[in-house]
Amino acid sequence: MKKVLSIAGSDCSGGAGIQADLKTFSAHGVFGMTVIASVVAENTFRVIEYQDIRPDIIEKQIDAVFEDIPPDALKIGMLSCKEGMLAVAGKLREWKPSNVVIDPVMYAKNGCALMDPDSIDTLIAEVVPLADVITPNIPEAEKMAGIRIYTQKDMRKAARIIHDMGCRAVLVKGGHSEGDATDILFDGSEFYSFSSPRIPTKNTHGTGCTYSSAIASNLALELPIRQAVARSKKYVTTAIANALEIGRGNGPTHHFYDLFQHGLSDVKNWREDIT
Ligand SMILES: Nc1ncnc2c1ncn2[C@@H]1O[C@H](COP(=O)(O)OP(=O)(O)OP(=O)(O)O)[C@@H](O)[C@H]1O
Ligand SMILES: Cc1ncc(CO)c(N)n1
């Protein structure tokens, strides 16, 4: 069985963070592991407070996983402060994992900050270069690239700027735009676009976590980046289409094994669909 690690924050309300990651891993039939970097007291409509885990405990969790069960892929989610970023970056340089997906989480869906804005330089210098794929949403891509994004042309421009920071591929997600939900992937030479009709729902808590965990799972399942993103886009779209009316705010995406009956068990076909 393929093994996938999430290094991220815990969402006690179960819709985002580590909890969304584990549900996504299970739905993809991979073995999920977690390094908790922060404990967030949050729900579908607000973030009350968070406490970061001590950097040396983050490092020891990473050692514990890697010395025993080296993952086939990993995703990094919420890292709220410089110290946590440096701890993770240092350990990844030591363990040299492959298939690293980074979701540069800055805000929750309800607008609450999950990253100290003073950490962005550390994110760019230390964390971004470790990514095989980095998955900013539009506000995150704007902050990282230092430009405003209004059009798909702007998304491509931001992807190029972020790619120049040293990662292998950039996926700018279009969840925060209008019209179709279109994401742009840039691998350093080509742009690819992944689109679905916008689903009219407020229940989109944890979509970014779900998407990046699906991409990590599909990379672990040996799909090339483009196929991994395509299959993950299908997964996250189905998870949003079936999102749950739970809580008073933005309800969570739904991870259910029936997704496999809608063509998601055919990883072999996706692997062969390399054009
Ligand atoms: N209403 C929607 N209908 C269809 N697809 C959507 C919708 N909202 C978001 N998406 C898609 O979901 C995926 C996640 O993108 P999004 O931009 O929402 O991530 P995010 O803001 O990082 O999520 P979060 O912060 O809640 O974890 C992308 O593929 C995006 O296009
Ligand atoms: C712990 C955590 N990570 C990421 C997000 C972004 O959705 C969130 N709300 N909570």
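For ligands, and for the atoms within them, numbers begin at 1 and follow the listed sequence. Excluded from the calculations below are hydrogen atoms, water molecules and symmetry mates; all remaining heavy atoms, backbone and side chain alike, are included.
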**Asked** Which atoms of ligand 1 are found less than 4.0 Å from any heavy atom of Lys109?
**Response** 18 (O), 20 (P), 21 (O), 23 (O), 24 (P), 26 (O)

**Message:** Using a 4.0 Å cut-off to any heavy atom of Asn137, which atoms of ligand 1 qualify?
**Reply:** 17 (O), 20 (P), 21 (O), 22 (O)

**Asked** Taking only heavy atoms of Thr204, which atoms of ligand 1 are found under 4.0 Å from at least one of them?
**Response** 26 (O)

**Prompt:** Starting from atom 2 (C) of ligand 2, which protein heavy atom do you reach first, and at what distance in Å?
**Reply:** Glu42 OE2, 3.4 Å

**Asked** Can you name the residues that form a side chain to side chain donor-acceptor pair (under 3.5 Å) with Thr210, not counting sequence neighbours?
**Response** Thr253

**Prompt:** Do Phe194 and Lys173 come close enough that some side-chain heavy atom pair is under 4.5 Å?
**Reply:** no

**Prompt:** Taking 4.0 angstrom as the limit, do Glu222 and Lys2 come out as a salt bridge?
**Reply:** yes

**Fill in**
For atom 7 (O) of ligand 2, the closest protein heavy atom turns out to be Ala16 CB, 3.9 Å

**Message:** Taking Asp68 first and then Lys3, would you say they form a salt bridge - that is, a charged N and a carboxylate O separated by under 4.0 Å?
**Reply:** no

**Which residue and heavy atom of the protein sit nearest atom 10 (N) of ligand 1, plus the separation** = Ile240 CD1, 3.6 Å

**Item:** Proximity to ligand 1 by part of Asp183, non-hydrogen separation under 4.0 Å
**Value:** side chain

**Prompt:** Which is closest to atom 22 (O) of ligand 1 in terms of heavy atoms, Glu140, Lys173, Lys234?
**Reply:** Lys173

**Asked** What residue pairs, at least two apart or across chains, pass ring pair (Phe, Tyr, Trp, His ring centres under 6.0 Å) with a residue in residues 38-78?
**Response** Phe66-Trp95

**Complete:** The protein heavy atom nearest to atom 25 (O) of ligand 1 is Tyr107 O, 4.0 Å

**Message:** Judged on heavy-atom distance to atom 9 (C) of ligand 1, which of Ala241, Ala181, Gly175 sits nearest?
**Reply:** Gly175

**Under 3.5 Å donor-acceptor, Arg198 side chain and Gly175 backbone** = yes

**Min heavy-atom dist Ala16 to ligand 1 below 4.0 Å** = no

**Interatomic spacing from CG in Asn99 to CG in Asp132 - rounded to 0.5 Å** = 6.0 Å

**Message:** Surrounding CD of Glu94 (heavy atoms of other residues, nucleotides or ligands, distance under 6.0 Å), is the total greater than 12?
**Reply:** yes

**Fill in**
One finds that the ligand 1 atoms under 4.0 Å from a non-hydrogen atom of Cys209 are 27 (O)

**Nearest neighbour in protein (non-hydrogen) for atom 3 (N) of ligand 1** = Ile199 N, 2.8 Å

**Message:** Among Asp183, Asn218, Thr24, exactly one meets side chain to side chain donor-acceptor pair (under 3.5 Å) together with Ser232. Which residue is that?
**Reply:** Asn218

**Fill in**
min-distance protein heavy atom vs atom 13 (C) of ligand 1 -> Tyr211 CD2, 3.8 Å

**Fill in**
Quick look: Leu114 vs ligand 2, heavy-atom contacts under 4.0 Å, and the answer is side chain

**Message:** Just to be sure I read this right, does ligand 1 sit under 4.0 Å from the backbone of Pro197, its side chain, both, or neither, counting only heavy atoms?
**Reply:** backbone

**Message:** Heavy atoms only, cut-off 4.0 Å: how does Cys209 contact ligand 2, side chain, backbone, both, or neither?
**Reply:** side chain

**Prompt:** What protein heavy atom sits nearest atom 27 (O) of ligand 1, and how far off is it?
**Reply:** Gly208 N, 2.9 Å

